[in-house]
Amino acid sequence: MNKIKVAFLDRDGTITKEYQDEEWENKTIPEFLQGTLPALKKITDLGYKIIIITNQGLISQGIIKLEDYEKYTENLIKELKKNKIEVLDIFFCPHTKEENCNCKKPKPGMILEACKKYDIDIDKSFVAGDRTSDEGLAKYFNMTFFGVNYTSKNPKNKRVKNLEEIIQYLE
Ligand SMILES: [Mg+2]
Ligand SMILES: [Zn+2]
């Protein structure tokens, strides 16, 4: 079987809206950022599988209840399906920095796990996100990185205003 190419996408601030920590309490309905839905559709039409990689340390901090995270995820998938967008998988890290896990971005754990589960062509894959931690994750695997409203110190990493702007750089 052929290896798959993957769009490793951050969730908050990249696909859907980011909030202040305390505002995350009881959030179960995702608000999509402008242009996200058509962009995700195009990314999959170009042959990329979508894997969402998200730090959710507020779970461990008790601000987000695990069941609310799961409801949010369910609603996210439902809304994407409605728009004919399939997500291959979602990995999340519920830990705080103090827990010193191996999955909190920029640590590689979530992508390593994805690589165990799927036959991924890392060289053809990319990461998009709005934080240094997303960039660090891409750097660990030497993957292409797109900063969503985020300027990297590395001029090789493109800044885009939203996911839609990524399309022009993809084959
Ligand atoms: Mg983010
Ligand atoms: Zn973790």
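As the structure lists them, so they are numbered: ligands from 1, and atoms in each ligand from 1. One-based numbering along the sequence shown.
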Yes or no on side chain to side chain contact (heavy atoms under 4.5 Å, CB included) for Val127 and Tyr140, after CA distance, side-chain angles and deciding distance? CA-CA 11 Å; Val127 177; Tyr140 181 95; over 6 Å; no
So which N/O/S atom does Asp12 have closest to the Mg ion (ligand 1)? O
For a distance under 2.8 Å, tell me if Asp134 has an N/O/S atom near the Mg ion (ligand 1). no
Checking Tyr169, Phe8, Tyr48 against Phe126 for ring pair (Phe, Tyr, Trp, His ring centres under 6.0 Å), the one that qualifies is Tyr48
Angle subtended at the Zn ion (ligand 2) by SG of Cys101 and SG of Cys93, to 10 degrees? 110°
Which of the N/O/S atoms in Asp10 sits closest to the Mg ion (ligand 1)? OD2
Identify, by name, the N, O or S atom of His95 lying closest to the Zn ion (ligand 2). ND1
Which atom name does Asp130 have for its N/O/S atom nearest to the Mg ion (ligand 1)? OD1
Any chain of hydrophobic side-chain contacts (each under 4.5 Å) joining Leu9 to Val87? yes
Look up atom CG in Asn55 and atom NZ in Lys107, then write down how far apart they are to the nearest 0.5 Å. 11.0 Å
Pair Ile50, Glu86 - check side chain to side chain contact (heavy atoms under 4.5 Å, CB included), show working. CA-CA 7 Å; Ile50 293 171; Glu86 204 191 313; over 6 Å; no
